[in-house]
Number of protein chains: 2
Amino acid sequence: MPTISDVAKLAKVSVATVSRFLNDSGYVGKKSREAIKKAIQELDYVPSEVARSLSTKQSDIIGLIIPDIKNPFFPELARAVEDTAFEYGYTVILCNSDENELKEKHYFQTLTNKYVAGIILTSIFDQGTNFKKLKIPMVALDRPLEINIPTVTTNNIEGAKLATQFLIDKGATSLLCVGGPKEIRSSKLRVEGFQEIIKEYPIDSHIIESPYDFETAETIIFDYLKHNPTIDGIFACSDASAIGALKAIHKLNLSVPEDIQIVGFDGIQMGKVVSPSLTTVAQNIYQLGQAAAKMLIHQIEGKPLENTSVCINPKLIERETTRKERT
Amino acid sequence: MPTISDVAKLAKVSVATVSRFLNDSGYVGKKSREAIKKAIQELDYVPSEVARSLSTKQSDIIGLIIPDIKNPFFPELARAVEDTAFEYGYTVILCNSDENELKEKHYFQTLTNKYVAGIILTSIFDQGTNFKKLKIPMVALDRPLEINIPTVTTNNIEGAKLATQFLIDKGATSLLCVGGPKEIRSSKLRVEGFQEIIKEYPIDSHIIESPYDFETAETIIFDYLKHNPTIDGIFACSDASAIGALKAIHKLNLSVPEDIQIVGFDGIQMGKVVSPSLTTVAQNIYQLGQAAAKMLIHQIEGKPLENTSVCINPKLIERETTRKERT
DNA sequence: TTGAAAGCGTTACCAC
DNA sequence: GTGGTAACGCTTTCAA
């Protein structure tokens with residue numbers, strides 16, 4: 001691999017000049033410029049990222065910390081981040097935290113030690129102390145943190161309201177809200193949205209909690225429905241639990257949407273494929289990831305952020321787990 | 001951030017000694033050893049990966065190049081690779097190539113420029129020339145390449161045979177094999193396996209080709225089935241196309257498995273969730289990724305590879321798209 | 001056993 | 001406009 005000094009020699013200038021040329025910093029005469037261009041071409045020279053990082057204490061790597069890429073929500077998010085990073089010349093390191101605080105800390109260590117340019121984080125922890133120390137650009141994604149860093153989220157309350165209202169409009173009279181783990185703020189907000197609509201109507205409502213995992217959700221919902229046969233509408237705070245609900249209902253020999261209607265939340269691919277296909281409040285996952293990556297890169301490149309926080313509106317997608325007509 | 005020379009000063013030894021201590025290379029006296037340990041503790045010192053990379057021309061980063069993390073096959077693979085990397089102290093950069101040769105090349109550039117320790121690659125291109133130049137550790141994953149680098153794959157032929165035989169045993173008499181894009185070697189092998197079984201039986205068989213994407217697969221299969229109403233068994237070379245087949249059959253108002261039985265290939269999560277749930281030849285995706293990462297790390301650390309190529313047997317999972325009893 | 005110093009490939013300051 | 005050179009933080013060779 002040729003180095004900057006090879007280029008300098010060939011172009012008959014100093015390394016300093018080549019460096020200035022490369023970074024567009026300081027003056028470089030016309031003739032030098034041409035000579036350097038030619039030399040770079042000829043040698044097929046590419047600056048060493050590593051050396052550059054050592055010198056500037058900054059790399060072109062972005063760290064992406066998510067709970068688990070296997071969770072169907074994250075591949076698309078990761079893809080959006082990677083695409084955007086690619087577009088701006090960055091590269092992304094993928095970290096699966098498993099929502100484990102220790103692992104998350106470890107990754108922070110590792111990433112900062114690599115002089116990453118910035119970090120995008122989907123975390124349930126609110127490590128005010130951990131983060132403040134390192135003043136590296138960050139953005140929180142999907143799950144708002146209490147601490148004050150730029151954040152990209154879906155408008156969870158709005159989405160939940162949309163879903164709940166829809167269920168009511170479709171004639172549901174006894175609603176069950178399946179919330180997610182209470183540590184997850186977005187889940188709390190969705191439940192809040194549910195409640196806000198409910199309190200405007202004189203209808204029966206129930207709230208339970210379940211992990212975002214369709215197998216567990218299925219058994220929890222199965223039990224609950226067995227003991228509460230009046231329920232005829234379910235708002236699940238994630239598509240995963242909505243799918244669990246679907247299976248639970250089938251097991252009870254009831255049918256969807258005739259006996260019970262379901263609206264999920266997230267808009268993952270799987271929702272299209274189950275039958276009946278899932279009516280859901282779809283987050284614009286790609287846009288979420290893209291916005292986060294752009295905000296991060298803006299920070300990295302020292303551009304001012306117009307908004308310190310972006311909130312993307314979800315969209316209700318009507319499919320087959322809700323009734324076509326109002327009953 | 002403290003540096004090695006801070007440690008050296010505090011421990012009253014030279015940087016060279018600290019370095020030797022850190023890397024377990026060369027002698028370090030007992031007293032120095034203790035002093036260094038203490039100094040490291042006190043300063044909370046962590047060696048700079050970047051500086052180390054510049055010096056050794058090798059980092060602790062592994063590059064993972066896959067077509068698209070959104071493709072349901074890859075998240076689990078990526079997770080396995082990341083887990084294994086984590087366990088051994090490596091970190092992974094995620095690259096989505098979109099099966100685009102240019103993009104793939106670009107990533108190779110970028111990765112080698114970062115002195116990555118090694119690369120795991122799932123590619124349909126056989127860039128003999130591109131690869132040979134860079135003699136960095138590599139392993140090919142899932143899709144065998146023609147060139148001679150260590151490879152981890154599923155036993156595709158065996159899996160296809162399993163599926164085909166199963167369909168025949170369940171009474172299918174006119175089989176359709178839905179192959180994937182012909183550039184993908186694993187898909188070719190699956191079709192081969194299908195043919196090997198077929199030729200032993202006096203039954204009707206058809207082979208068509210479809211991208212690994214359930215929407216396109218659905219329309220292709222729909223058309224084909226319409227013109228070939230005798231078909232009563234489908235072996236799809238991917239779960240995605242199997243799901244497409246399922247939808248196509250429903251659209252034709254036929255039922256699964258009564259009219260047509262289906263067996264997929266891959267074992268992605270979605271297969272569990274469709275209804276009827278998908279009988280499939282499941283690859284052990286996690287094991288695939290883990291094996292690849294281990295092989296790579298072995299190479300990186302200069303340990304001899306026992307096998308230059310690992311082939312993992314898939315397993316038939318019987319679910320609901322095939323009949324319970326032989327007809 | 002240990003330390004001095006060169007080298008890894010850049011950047012950036014300062015003098016010319 | 002340009003070049004010399006220290007500095008980034010580490011490894012490694014060589015001599016002591």
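A note on names: the letters A, B, ... follow the listed sequences, proteins ahead of strands, and every chain is numbered from 1.
Within the structure, the ring-ring contact (aromatic ring centres under 6.0 Å, His included) test picks out the following pairs touching residues 50-92 of chain A (sequence neighbours left out): A:Phe86-B:His106, A:Phe86-B:Tyr107.
Using a 4.0 Å heavy-atom cutoff across all strands shown, A:Val7 reaches no nucleic acid atom at all. Within the 4.0 angstrom heavy-atom criterion, no nucleotide atom of any strand lies near B:Val50.
At a threshold of 4.0 Å, the pair B:Asp98-A:Arg79 counts as salt-bridged, since one of the basic side-chain nitrogens sits closer than that to a carboxylate oxygen. With respect to the salt-bridge test (charged N to carboxylate O, under 4.0 angstrom), the residues B:Arg52 and B:Asp60 do not qualify.
Every residue two or more places apart in sequence or in another chain was checked for a salt bridge (charged side-chain N to carboxylate O under 4.0 Å, His left out) with B:Lys30, and none qualifies.
Remark: the backbone N or O of A:Thr17 is paired with a side-chain donor or acceptor of A:Ser14 at under 3.5 angstrom. With hydrogens and angles disregarded, a donor-acceptor distance shorter than 3.5 Å links the side chain of A:Ser59 to the backbone of A:Tyr115. Using a distance-only test at 3.5 Å, with no hydrogens or angles considered, a donor-acceptor pair links the side chain of B:Asn113 to the main chain of A:Pro47. Between the side chain of B:Ser55 and the backbone N or O of B:Ala51, no donor-acceptor pair lies under 3.5 Å. Of the possible polar contacts, one joining the B:Lys103 side chain to the B:Asn96 backbone as a donor-acceptor pair under 3.5 Å is found.
Within a heavy-atom distance below 4.0 Å of DNA chain D, the residues of residues 19-41 of chain B found are B:Ser19, B:Asn23.
In this structure, B:Ser309 and B:Met295 approach most closely via the heavy-atom pair N-CE, 4.2 Å. Among all heavy-atom pairs drawn from A:Lys114 and B:Thr91, the shortest one is CE-CG2, 3.6 Å.
Note that the first and last nucleotides of DNA chain D, 5' to 3', having any atom under 4.0 angstrom from a heavy atom of chain A are D:dG1 to D:dG9. Nucleotides of DNA chain C lying under 4.0 Å from heavy atoms of chain B occupy a range whose first and last members, 5' to 3', are C:dT1 to C:dG9.
Heavy-atom contacts from other residues, nucleotides or ligands closer than 6.0 Å to CD of B:Gln269 number 12 or fewer.
Each of B:Lys12 and A:Ala51 has a nearest nucleotide on DNA chain C; the 5'-most of these lies closest to B:Lys12. Along DNA chain C, the nucleotide closest to B:Ser14 and the one closest to A:Val18 are compared, and the more 5′ of them pairs with B:Ser14.
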**Report entry** Trace of the side-chain contact (heavy atoms from CB on, under 4.5 Å) decision for A:Glu104 with A:Ser123
**Finding:** CA-CA 8 Å; A:Glu104 208 171 83; A:Ser123 174; 2.9 Å; yes

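Helix bend of the helix from C:dT1-D:dA16 to C:dC16-D:dG1: the angle between its two end axes, each built from five pairs, comes to 40° after rounding to 10°.
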